[in-house]
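Excluded from the calculations below are hydrogen atoms, water molecules and symmetry mates; all remaining heavy atoms, backbone and side chain alike, are included. In each ligand, atom 1 is the first atom listed, and ligand 1 is the first ligand listed.
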Amino acid sequence: MRLAADGLGGERGGETVFSGISFMLGEGEALTVTGPNGIGKSTLLRVICGLLPASQGTVGFSGGGEAFPDVASACHYLGHRNAMKAELGVEENLRFWQDFLGEPHLPPFEALEMVGLGDIGHLPFGYLSTGQRRRASIARLLVSYRPIWLLDEPTSGLDKASEAQFADLMAVHLEDGGMIVAATHLPLGLKGARELRMGKAAD
Ligand SMILES: Nc1ncnc2c1ncn2[C@@H]1O[C@H](COP(=O)(O)OP(=O)(O)OP(=O)(O)O)[C@@H](O)[C@H]1O
């Protein structure tokens, strides 16, 4: 499997945010995207998975077979918002996502165990603390399989122990041949990850 971006450009509100971004990722490879606030890291992730159109260039995914014929089908996108219903139970939210996304991987209760929330799957998502919400959203990555994880500041709100636990989950995903693109201001503990540093073009 291979994820390739070639001369990618992105816009927000009709203004160019970035241009000319190229990279290639193979199985087991990770890319961290760094740079100052507002430089376009989140925009880049959204362009990669097709939530926003590319203003220039292309992004493609190959080798995913019938299950993952294109880049959009191959991606898990973990954005700033947690994409969970506050009134539904945590496990219920995960069951919804597994039914919606298909390609079942871990059962919801097991995914919650993996992020240390095994005992609160029955609580409404809205009752959870900030860090617990983030951990439940990370569990979403585990209930359905996707080869590419696009992660937008995934560890924001996590304590040190949860950061380490998430680093282990990312390592397993990479060992299994997955790929990760993560926008971050913090070290993620991704061994061997390449870095794409976004900055303002020189005038
Ligand atoms: N809907 C929108 N309309 C117009 N401009 C927008 C819109 N959404 C974002 N922007 C602008 O696009 C630029 C890139 O934003 P983006 O969220 O991609 O940055 P970022 O690098 O992820 O920032 P941060 O590190 O703060 O998360 C910013 O200047 C932002 O204000």
Below 4.0 angstrom from a heavy atom of [X], which ligand 1 atoms are there? Numbered from 1 as shown, please.
| X | answer |
| --- | --- |
| Lys41 | 18 (O), 19 (O), 20 (P), 21 (O), 22 (O), 23 (O), 24 (P), 25 (O) |
| His185 | 25 (O) |
| Ser42 | 17 (O), 18 (O), 20 (P), 22 (O) |
| Glu153 | 25 (O), 27 (O) |
| Pro36 | 21 (O) |
| His80 | 27 (O) |
| Gly13 | 3 (N), 4 (C) |

>> When you measure from the heavy atoms of Gly40 to every atom of ligand 1, does any distance fall below 4.0 Å?
In response: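 Checking ligand 1 against Gly40, which is what was asked, there is a heavy-atom contact under 4.0 Å.
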
What I want to find out is whether [X] reaches [Y] closely enough, with some N-O distance under 4.0 Å, to be called a salt bridge.
| X | Y | answer |
| --- | --- | --- |
| Lys160 | Glu163 | yes |
| Arg146 | Glu103 | no |
| Glu195 | Arg197 | yes |

> Looking at atom 13 (C) of ligand 1, what's its closest protein heavy atom, distance included?
Replying inline: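 Result: Gly38 O, 3.5 Å.
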
Roughly how far apart are [X] [atom1] and [Y] [atom2], rounded to 0.5 Å?
| X | Y | atom1 | atom2 | value |
| --- | --- | --- | --- | --- |
| His122 | Tyr127 | NE2 | OH | 10.0 Å |
| Arg140 | Leu112 | CZ | CG | 13.0 Å |
| Gln56 | Thr16 | CD | OG1 | 6.5 Å |

May I ask which of [options] has a heavy atom nearer to [atom] than the others do?
| atom | options | result |
| --- | --- | --- |
| atom 26 (O) of ligand 1 | Asn37, Leu44, Thr34, Ile39 | Asn37 |
| atom 6 (C) of ligand 1 | Glu11, Arg12, Arg46 | Arg12 |
| atom 18 (O) of ligand 1 | Val47, Thr16, Thr43, Thr184 | Thr43 |

>> What I want to know is whether Gly35 and ligand 1 share at least one N or O pair that is separated by under 3.5 angstrom.
In response: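 No, since none of the N or O atoms of Gly35 sits under 3.5 Å from an N or O of ligand 1.
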
> Can a protein heavy atom be found under 4.0 Å away from atom 4 (C) of ligand 1?
Replying inline: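 It does: a protein heavy atom is found less than 4.0 Å away from atom 4 (C) of ligand 1.
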
> Any protein heavy atom sitting closer than 4.0 Å to atom 23 (O) of ligand 1?
Replying inline: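 Yes, there is a protein heavy atom closer to it than 4.0 Å.
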
> Do Arg133 side-chain atoms and Gly126 backbone N/O form a donor-acceptor pair below 3.5 Å?
Replying inline: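 Yes; at least one donor-acceptor contact below 3.5 Å.
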
>> Regarding Tyr77 and Arg46, do their side chains bring together a donor and an acceptor under 3.5 Å, going by distance alone?
In response: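 Their side chains do contain a donor-acceptor pair, which is all the 3.5 Å distance test asks for.
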
> Can a donor-acceptor pair be found between the side chains of Asp6 and Thr58 at a distance below 3.5 Å?
Replying inline: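 There is no such pair between these side chains.
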
>> Tell me whether the rings of Trp149 and His76 are parallel (<30°), tilted (30 to 60°) or perpendicular (>60°).
In response: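 The arrangement is perpendicular - the two ring planes meet at more than 60°.
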
> ligand 1 versus Met198, non-hydrogen atoms closer than 4.0 Å: side chain, backbone, both, neither?
Replying inline: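 The answer is neither.
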
